[in-house]
Amino acid sequence: AIDQSIAVNLTGVLYGCRRAAAVMKKQKRGTIVNISSGCAIHAWPGWGPYSAAKAGVNEFAHCLYTELRPFGVRVTTITPYWGATEFVASSGIKGHPAGDPEIRKKCMQASEMGDLVVQVCTQADHLAMPDITVQPLVQEIMPM
């Protein structure tokens, strides 16, 4: 489970970015957008490998940003907290507030994430947004 979590959430990002970066460096422009997680910033019990992988994405993206800036390539990491996704159901968390339909309406919707990615990619070429954190107002941040 640890290997799978690291492979899906970190290693895949590294390989994908390497391929995209090569193309964008040649064309001297582009934007790479990585999706992280609030788990990269806050500690929740039982989420160590996932949190470590997402924190790795955040730091890798910072390094990649410094490497690609001279080539006109921007790198942004979006770090969402609760979203209206199937994350809670697939994670097996029982009774999680984000599983409640009324709470889900107040969390980031897929279309809102899509709109945010479009905004990042359509910024003026001379501007960059290395980090964006999105938290729903209904989520209380309690752990570390």
Side-chain angles (χ1 to χ4, degrees), residues 1-93 96-100 103-144:
I2 291 170
D3 290 343
Q4 183 180 12
S5 183
I6 299 298
V8 168
N9 295 295
L10 178 58
T11 308
V13 171
L14 298 172
Y15 284 121
C17 285
R18 182 170 72 176
R19 292 191 66 144
V23 171
M24 292 178 185
K25 277 174 70 173
K26 284 182 185 175
Q27 66 189 22
K28 300 224 181 286
R29 67 182 313 266
T31 304
I32 295 173
V33 178
N34 291 310
I35 307 299
S36 183
S37 167
C39 291
I41 299 169
H42 288 91
W44 278 278
W47 290 90
Y50 177 78
S51 296
K54 290 300 190 174
V57 167
N58 289 10
E59 191 56 31
F60 168 70
H62 290 157
C63 293
L64 192 61
Y65 174 76
T66 63
E67 292 170 16
L68 296 179
R69 281 183 60 180
F71 300 95
V73 179
R74 303 175 296 188
V75 179
T76 297
T77 301
I78 299 174
T79 302
Y81 280 70
W82 290 354
T85 68
E86 300 309 312
F87 183 86
V88 171
S90 65
S91 69
I93 300 172
H96 192 286
D100 179 296
I103 297 291
R104 286 174 63 94
K105 290 178 188 176
K106 297 176 183 176
C107 294
M108 182 174 236
Q109 304 299 305
S111 62
E112 293 168 327
M113 176 62 85
D115 291 342
L116 181 56
V117 171
V118 169
Q119 290 172 14
V120 167
C121 294
T122 57
Q123 286 295 312
D125 286 341
H126 65 279
L127 299 176
M129 294 181 277
D131 296 289
I132 299 172
T133 301
V134 182
Q135 295 176 335
L137 293 175
V138 295
Q139 182 178 3
E140 190 172 341
I141 308 297
M142 293 293 289
M144 287 178 59

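Excluded from the calculations below are hydrogen atoms, water molecules and symmetry mates; all remaining heavy atoms, backbone and side chain alike, are included. Predicted model, so just to flag it, every value in this text is computed and none were measured.
- Here the straight-line distance linking atom CZ of Arg18 with atom CD1 of Ile32 works out to 12.5 Å at 0.5 Å rounding.
- Among residues at least two apart or in separate chains, ring-ring contact (aromatic ring centres under 6.0 Å, His included) pairs with a member in residues 60-81 are His42-Tyr81.
- Checked against Val73 for a side chain to side chain contact (heavy atoms under 4.5 Å, CB included), the options Gln27, Met24, Lys28 give a single hit: Met24.
- Of the possible donor and acceptor atoms, one in the side chain of Gln109 sits under 3.5 Å from a partner among the backbone N and O of Cys107.
- Between the side chain of Ser51 and the backbone N or O of Cys39, at least one donor-acceptor pair lies under 3.5 Å.
- Counting all heavy atoms, side chain and backbone alike, Val75 lies closest to Ala61 at CG1-O, 3.7 Å.
- The side chain to side chain contact (heavy atoms under 4.5 Å, CB included) test applied to Ala40 returns Ser36, Lys54, Ala55, Asn58, not counting sequence neighbours.
- A distance-only check finds a donor-acceptor pair linking the side chain of Thr66 to the backbone of Cys63 [under 3.5 Å].
- Applying the salt bridge (Lys or Arg N to Asp or Glu O under 4.0 Å) definition to pairs two or more places apart or across chains, those involving residues 113-137 are Arg29-Asp125.
- Other residues, nucleotides and ligands place more than 12 heavy atoms under 6.0 Å from the CG atom of Leu14.
- Residues meeting the side chain to side chain contact (heavy atoms under 4.5 Å, CB included) test with Gln119, sequence neighbours left out: Leu116.
- Distance CD/Gln135 to CD1/Ile41: 7.5 Å, rounded to 0.5 Å.
- For the side chain to side chain contact (heavy atoms under 4.5 Å, CB included) test, residues two or more places apart in sequence or in another chain that qualify with Val117 are Val33, Ile78, Met113, Cys121.
- Here the closest non-hydrogen pair linking Leu64 and Cys17 is CD2-CB, 3.7 Å.
- Put simply, OG1 on Thr31 and CG on Leu68 are 10.5 Å apart, with the number rounded to the nearest 0.5 Å.
- Listed by chain and residue number, Ile6, Tyr15 satisfy the side chain to side chain contact (heavy atoms under 4.5 Å, CB included) test with Thr11 (two or more places apart in sequence, or in another chain).
- The residue from Leu10, Thr79, Asn9 that alone fulfils the side chain to side chain contact (heavy atoms under 4.5 Å, CB included) condition with Val57 is Leu10.
- Note on residues 62-75: no pairs pass salt bridge (Lys or Arg N to Asp or Glu O under 4.0 Å), not counting sequence neighbours.
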